[in-house]
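Structure, as structure tokens:
We use all heavy atoms of the structure for the numbers below, so side chains are in, but hydrogens, waters and symmetry mates are not. Residue numbers begin at 1 in each chain, while the letters A, B, ... track the order of the sequences.
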Amino acid sequence: MIKARITVTLKQGVLDPQGKAIEGSLSALGFSDVESVRQGKVFDIELKGKNKSEAEKSLNSMCAKLLSNTVIEDYSIAII
Amino acid sequence: MITTVIQFPGSNRDNDMITALTKISGHRPQLVWHSETEVPKTDLIVIPGGFSYGDYLRSGAIAARSPVMEAIKTHANKGVPVLGVCNGFQILTEAGLLPGAMMRNAGLRFVCREVKLLVANANTIFSRNYQPNQIIRCPVAHHDGNFFADGKTLEKIEGNGQVIFRYAENTNPNGSINDIAGITNAEGNILGMMPHPENLIEDFQGGCDGKGVFESVLGANRLTAA
């Protein structure tokens with residue numbers, strides 16, 4: 001079995017109002033060292049088989065077809 | 001005049017749409033469940049509002065990948081008008097039938113109120129019964145109505161006259177870029193809009209400003225059929 005973690009975040013340049021709100025809340029809690037916050041989503045996926053390159057191919061396809069909206073989001077894949 | 005309403009698990013404005021279409025076209029629409037792979041012969045397909053699949057993943061994302069969407073694409077490619085309202089608009093962008101994407105409202109809150117809309121293009125099958133630059137009233141109710149498109153896409157849809165409705169008189173409720181409230185595809189037969197014209201078609205609702213969308217598209221069909 002292969003385990004993977006996919007991270008989806010908003011593209012640079014796309015306004016992230018949720019990230020901004022979290023940023024404001026962290027500042028309000030006294031974390032004065034916070035420069036900026038961008039929020040996103042994480043998917044932990046378990047795949048059948050052992051072939052990593054096949055798995056990456058499949059994961060890329062999942063991201064393009066469903067897990068991210070490539071108009072506004074970027075994704076990264078890590079096999080763990 | 002055959003109209004069709006698509007239903008997904010979590011659609012909740014379908015009954016409002018059925019009522020509006022029945023009243024304006026004179027016939028009850030046929031209802032098609034999202035798992036169907038075919039849509040019977042129709043003159044108009046409507047994707048109503050709601051929270052398909054509980055807005056899981058992204059609003060409209062899972063509905064956009066359901067079996068009925070291929071059938072909708074087939075009809076749309078033949079020129080059949082498709083109208084997506086609210087969640088319907090979100091589904092159409094997620095399905096790639098309309099450009100851009102819908103994001104969380106800039107104010108982060110669900111907004112449920114009346115807005116003013118400018119009819120930015122009255123020369124389409126969905127807006128021909130309005131006057132150019134007419135200001136109409138329309139209710140909105142959504143959490144993810146903040147339309148976004150990259151600069152190049154935006155230039156294209158603005159240049160082609162694909163923006164049909166804009167929020168007017170400082171009533172933009174969601175931070176949508178260029179105050180965009182409704183756009184069509186390049187061919188002009190698919191309209192997505194966040195406001196709910198089906199909720200302003202009778203006097204008891206406080207006005208009839210929404211009726212023009214349905215009268216435009218149903219009238220256009222009648223002309224084509226004759």
Minimum heavy-atom distance between A/Pro17 and B/Ala106, given as atom pair plus value: CB-O, 3.6 Å
Is it true that atom OH of B/Tyr56 has more than 12 heavy atoms of other residues, nucleotides or ligands lying nearer than 6.0 Å? no
Any idea which heavy atoms bring A/Ile72 and B/Ala101 closest together, and the distance? CG2-CB, 3.8 Å
In this structure, are over 12 heavy atoms from other groups packed under 6.0 Å from B/Gln30 atom CD? yes
Distance from B/Asn146 atom CG to A/Leu15 atom CG, nearest 0.5 Å? 7.5 Å
Evaluate side-chain contact (heavy atoms from CB on, under 4.5 Å) for B/Leu57 paired with A/Phe43, printing each intermediate quantity in order. CA-CA 10 Å; B/Leu57 189 62; A/Phe43 304 91; 3.4 Å; yes
Counting only heavy atoms from other residues, nucleotides and ligands, does the tally under 6.0 Å from CG of B/Asn123 exceed 12? no
Are there over 12 heavy-atom neighbours, none belonging to B/Glu38, within less than 6.0 Å of that residue's CD? no
Could you pull out the closest heavy-atom pair between B/Phe148 and A/Val71, with the gap in Å? CE2-O, 4.3 Å
Can you tell me which portion of B/Leu108 sits under 4.5 Å from chain A's heavy atoms? Options are side chain, backbone, both or neither. side chain
Give a yes or no on whether A/Lys20 atom NZ has more than 12 heavy-atom contacts from other residues, nucleotides or ligands under 6.0 Å away. no
Decide if atom CG of B/Asn170 counts as having more than 12 heavy atoms of other residues, nucleotides or ligands within a radius under 6.0 Å. no
Only one of A/Asp16, A/Val14, A/Asn69 clears side-chain contact (heavy atoms from CB on, under 4.5 Å) with B/Met103; which? A/Val14
Cut-off 4.5 Å, heavy atoms of chain B, and the answer for A/Lys65 is backbone
Non-hydrogen atoms of B/Arg65 and A/Leu66 that approach each other most closely: CD-CD1, 3.6 Å
Would you say A/Lys3 has more than 12 foreign heavy atoms packed within less than 6.0 Å of its NZ? no
For B/Arg104, which atoms come within 4.5 Å of any heavy atom of chain A: side chain, backbone, both, or neither? both
